[in-house]
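For reference, the structure is listed below as structure tokens.
Here is the naming used below: chain letters follow the sequence lines, and residue numbers restart at 1 for every chain. Side chains included, hydrogens not; waters and symmetry mates left out as well; all remaining heavy atoms used.
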There are 2 protein chains.
Amino acid sequence: MKKPYISKNVIQRMPRYLRTLTELQKEGIHRISSGELGARMRLTPSQIRQDFACFGGFGQQGYGYNVKTLRDEVASILGVNRGFQMVLVGTGKIGQSLLENFDFESYGFKLRAAFDIRHDLIGENICGVPVLDCSEMEDFIRSNGIHVAVLSTNRAGAQRAVDTLIAGGIRAIWNFTECELSPGDSDVIIESIHFSESLLRLGYHLSNSASA
Amino acid sequence: MKKPYISKNVIQRMPRYLRTLTELQKEGIHRISSGELGARMRLTPSQIRQDFACFGGFGQQGYGYNVKTLRDEVASILGVNRGFQMVLVGTGKIGQSLLENFDFESYGFKLRAAFDIRHDLIGENICGVPVLDCSEMEDFIRSNGIHVAVLSTNRAGAQRAVDTLIAGGIRAIWNFTECELSPGDSDVIIESIHFSESLLRLGYHLSNSASA
DNA sequence: CCCCTCTCGTGATTGTTTTAACAGGAAAAA
DNA sequence: TTTTTCCTGTTAAAACAATCACGAGAGGGG
């Protein structure tokens, strides 16, 4: 299996394949062709075949794709069930909301601890996750082999937290702040969710749509 | 000014330009060249010049771009200050969290009402936004000329809410559910934020990074 | 067993996006 | 004023991505 380079757009589509295939499985559908899957996802059959071909090709001529097999392959590509170790930094509104609502487990992430600087929260336990003091963070990451940090601090604390995380040897950051994070010369992976950018895009489409 | 077609990627970058330019303005920087802006945003100067050229070109040879002018142009392209009228559907955890934390006003959106089916919430007031019964939604949208709906229902209620919104004449939906929404033959604009897809992408990069 | 249908994987083609190169004109310096 | 420097907008080239077209091989019916 050769993997010279997987394009950004292909990676962007993989989680959506996983979601769709999981739904198909729940609906009790065992096999599907690129054409049917394409109709469902509004993609061309060609693109679907080529996307999976990047990773080796999991289909069979004259038959299509086995839904379970394909789902498992996609899950494996995305690293689900790898049991990535995780911490959360910043237990403000967004942080707490994630702790309470988001099902990290089902995507293969284990949330070990949350960190904050506010002393009224430290020592508490939010949905089974202990809240610790930020000063312990670097050690905690190193000793527990933490792979990923959810960054949900306020603007002021973001870059400082990033520096500490990198010092502790973090490998990836899931960024919910509106900041432009600077990873220095580290090769840390940063994946951001920017609410405001998404809403502004919507504003653009609204301003420029036919019925504007 | 001709606008044959603005590519998706260009639109994707516009909100980031707005954010960066706003920061520059706060820092008291009045002029900037495509080279300096590119260094700051990790984009090539060429790309920046070409992006702005799509909309007419706002710079001056030998000088660069005036930060305030450029920021205002980008804001105008994105429709900030158009005063889009908005409602929120589904006052669960995510919905409430948005109501309490997100500064809709500063991006040019006016939140007029929230809707839910749970009777214990109806009649309440969250951060100055009244919570109404879903049965009133279609009328409310029509009578108040609502442009956008934030969709933060649970999975079960999502498609039903979409149908009602479209019936009321909504023009855009900011989707926080994990569902594949079907707009039927309506030309409603859908902009989604999928937490899980973002996290799964992070998982991919983590699984396939050098230090994996 | 043979034939027909179905559908994948792949190589060729077309289309799109990014990067590079440059002509022209403003700013700044001499 | 003249010259030099700087930097845009635009055109051309390169890189990248999506689509098309087809050979090959499995499934299924007769």
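Contacts between residues 13-21 of chain A and DNA chain D, defined by a heavy-atom separation below 4.0 Å, involve A:R13, listed by number. Near DNA chain D, meaning a heavy atom under 4.0 Å from it, residues 63-78 of chain B has B:Y63, B:G64, B:Y65 in order of number. A heavy-atom distance below 4.0 Å to DNA chain D is reached by these residues of residues 26-38 of chain B, ordered by number: B:S33, B:S34.
If you check the side chains of B:D139 and B:S143, you find no donor sitting under 3.5 Å from an acceptor. Between the side chains of B:T20 and A:E180, not a single donor N or O lies within less than 3.5 Å of an accepting N or O. In summary, the side chains of B:D163 and B:Q159 do present a donor paired with an acceptor at a separation below 3.5 Å, with no hydrogens or angles considered.
The CD atom of B:Q50 sits 15 Å away from the P atom of C:dA21 (whole-angstrom rounding). The interatomic distance linking B:N9 (CG) with C:dG15 (P) rounds to 19 Å, in whole Å. When the P atom of C:dT17 is taken as reference, atom CD1 of B:I6 falls 11 Å away, rounded to whole Å. Spacing between atom CD1 of A:I48 and atom C1' of D:dT19 amounts to 13 Å, rounded to whole angstrom units. Nucleotide C:dT18 holds its C1' atom 10 Å from the CG atom of B:D51, rounded to whole Å. Rounding to whole angstrom units, CD of residue B:Q60 and P of C:dA26 are separated by 8 Å. Look at CD on A:Q47: it is 13 Å from C1' on C:dT16, rounded to the nearest Å.
In this structure, A:R112 is not positioned above the aromatic face of A:F140 in the sense of NZ or CZ being under 6.0 Å from the six-membered ring centre and within 45° of the axis.
At a threshold of 4.0 Å, the pair A:R142-A:E138 counts as salt-bridged, since one of the basic side-chain nitrogens sits closer than that to a carboxylate oxygen. Under the 4.0 Å criterion applied to side-chain N and carboxylate O atoms, A:E178 and A:R155 are not assigned as salt-bridge partners.
The listed nucleotides are C:dG9, D:dA17, D:dG9; the one nearest the side chain of A:R49 is C:dG9. Side-chain proximity of A:T44 to C:dT10, D:dT19, D:dA24: nearest is D:dT19. The listed nucleotides are C:dT18, D:dT8, D:dA17; the one nearest the side chain of B:Q61 is D:dT8.
Using a 4.0 Å heavy-atom cutoff across all strands shown, B:S46 reaches at least one base atom of the nucleic acid.
The aromatic rings of A:F195 and B:W174 sit perpendicular to each other, their planes meeting at more than 60°, with 30° as the lower class boundary.
Applying the side chain to side chain donor-acceptor pair (under 3.5 Å) test between B:E197 and each of A:R16, A:R19, A:R13 identifies A:R19 as the sole match.
Centroid-to-centroid, the aromatic rings of B:Y107 and B:F109 stay 6.0 Å apart or farther.
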